[in-house]
Novice: 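Pasting a structure below so you can have a look.
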Amino acid sequence: MPLMAELRPIEILLSEAQIQKRVAELAAEIRRDFPDDLHVIAVLKGAFIFLSDLIRHMPGHVSMDFMAVSSYAKATKTSGEVRLLKDLDTTLEGRNVVIVEDIVDTGLTLTYLQEILRARNPRSLRTACLLSKPSRRQVDVKVEYIGFTIEDRFVVGYGLDYAEQYRNLPHIAVVG
Ligand code: 5GP
């Protein structure tokens, strides 16, 4: 089915090799901070590839769960509205939890997630984001592990979509 707009990946921003190297570093950092008990929560759909690469770089035990929220519809604009579409399967009580997210843009999605997850009494709650666009921030949200800081460009690939396309790219590209 043709896309409504003609936006497509035009420029590779982060290569597969750059991403893989950085993800391995992040995994090592997280594992150092939480050598034993670690429960990671991926935010669907965008974080699923980041999560799968991240956990494969972590020796030892790691459990995981998934949640889904909507902030973007099929467009490239922030609605400001965040809805919980899929909740977790298990409790967070007393666990060391790391939220795994694809990108922090305005920060609205993560602020919402951190609030509802903190209310479930984890022992600790941290956040890992592959990408961050600090120039777009509307709320001051804390992200302990950041893969790459990027400029305000709409990116796709490595789990990130434009109208549900391009999630399967092994690199991160700018659309135009
Ligand atoms: P925030 O609530 O921080 O504004 O938005 C976070 C969500 O917006 C991300 O999880 C992601 O789904 C989406 N998003 C923000 N920037 C981009 C981008 O450049 N590309 C894509 N594909 N999604 C983005």
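Values reported hereafter were calculated over all heavy atoms of this structure, with side chains retained and with hydrogens, waters and symmetry mates removed. Every number for a ligand or one of its atoms is a count from 1 in the order of the listing.
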Novice: Using 0.5 Å steps for rounding, measure from the CZ atom of R31 to the CG atom of L54.
Specialist: 10.5 Å
Novice: Is the ring pair F50/Y158 parallel, tilted or perpendicular, if the boundaries are 30 and 60 degrees?
Specialist: tilted
Novice: V141 and side-chain contact (heavy atoms from CB on, under 4.5 Å): which single residue from T109, L110, L108 fits?
Specialist: L110
Novice: Of all the atoms in ligand 1, which lie at a distance below 4.0 Å from a heavy atom belonging to T106?
Specialist: 1 (P), 2 (O), 3 (O), 4 (O)
Novice: Look at atom 18 (C) of ligand 1 and find which of F154, Y112, Y166, Y162 reaches it with the closest heavy atom.
Specialist: F154
Novice: Distance only, no hydrogens: is a donor on one side chain within 3.5 Å (strictly under) of an acceptor on the other, for D152 and S135?
Specialist: no
Novice: I need the minimum non-hydrogen distance between V98 and F34, along with the two atoms involved.
Specialist: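 Nearest pair, atom of V98 first, then F34: CG2-CE1, 4.1 Å.
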Novice: For F154 and K133, which heavy atoms make the closest approach, and how far apart are they?
Specialist: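 For F154 versus K133, the nearest heavy atoms are CA-NZ, 4.2 Å.
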Novice: Looking only at non-hydrogen atoms, find the nearest pair between R137 and V104 and report the distance.
Specialist: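 Heavy atoms only, the tightest pair is NH1-O, 3.2 Å.
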Novice: Heavy-atom contact under 4.0 Å between I103 and ligand 1?
Specialist: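 Yes, that is the case, since the closest heavy atom of the residue is under 4.0 Å from the ligand.
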Novice: Would the number of heavy atoms belonging to other residues, nucleotides or ligands and lying under 6.0 Å from NZ of K86 be above 12?
Specialist: yes
Novice: Is there at least one pair of N or O atoms, one from L160 and one from ligand 1, spaced under 3.5 Å apart?
Specialist: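 Such a contact does not occur with ligand 1.
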Novice: What do we get for Q138 next to ligand 1 when only non-hydrogen atoms under 4.0 Å count, side chain, backbone, both or neither?
Specialist: neither
Novice: I'd like to check which ligand 1 atoms, numbered from 1 as shown, lie under 4.0 Å from a non-hydrogen atom of L108.
Specialist: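 Every atom of ligand 1 under 4.0 Å from some heavy atom of L108: 2 (O), 3 (O).
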Novice: Under 4.0 Å from any heavy atom of K133, which atoms of ligand 1 are there?
Specialist: 16 (N), 17 (C), 18 (C), 19 (O)
Novice: Side chain or backbone, does D102 bring an N or O within less than 3.5 Å of an N or O on ligand 1?
Specialist: yes
Novice: Give the atoms of ligand 1, by number and element, whose distance to some non-hydrogen atom of G107 is under 4.0 Å.
Specialist: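 Atoms satisfying the 4.0 Å criterion: 1 (P), 3 (O), 4 (O).
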Novice: How many angstroms lie between atom CD1 of I146 and atom CG of L131, to the nearest 0.5 angstrom?
Specialist: 10.0 Å
Novice: May I ask you to list the atoms of ligand 1 that are less than 4.0 angstrom from any heavy atom of D161?
Specialist: 21 (C), 22 (N)
Novice: Under 4.0 Å from a heavy atom of T109: give me the atoms of ligand 1 that qualify, with their elements.
Specialist: 1 (P), 2 (O), 5 (O), 6 (C)
Novice: Would you mind listing which atoms of ligand 1 come within a distance below 4.0 Å of any non-hydrogen atom of R153?
Specialist: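 So the atoms of ligand 1 that pass are 19 (O).
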Novice: With heavy atoms only and a cut-off of under 4.0 Å, state how E101 meets ligand 1: side chain, backbone, both or neither.
Specialist: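 For E101, only side-chain atoms sit under 4.0 Å from ligand 1.
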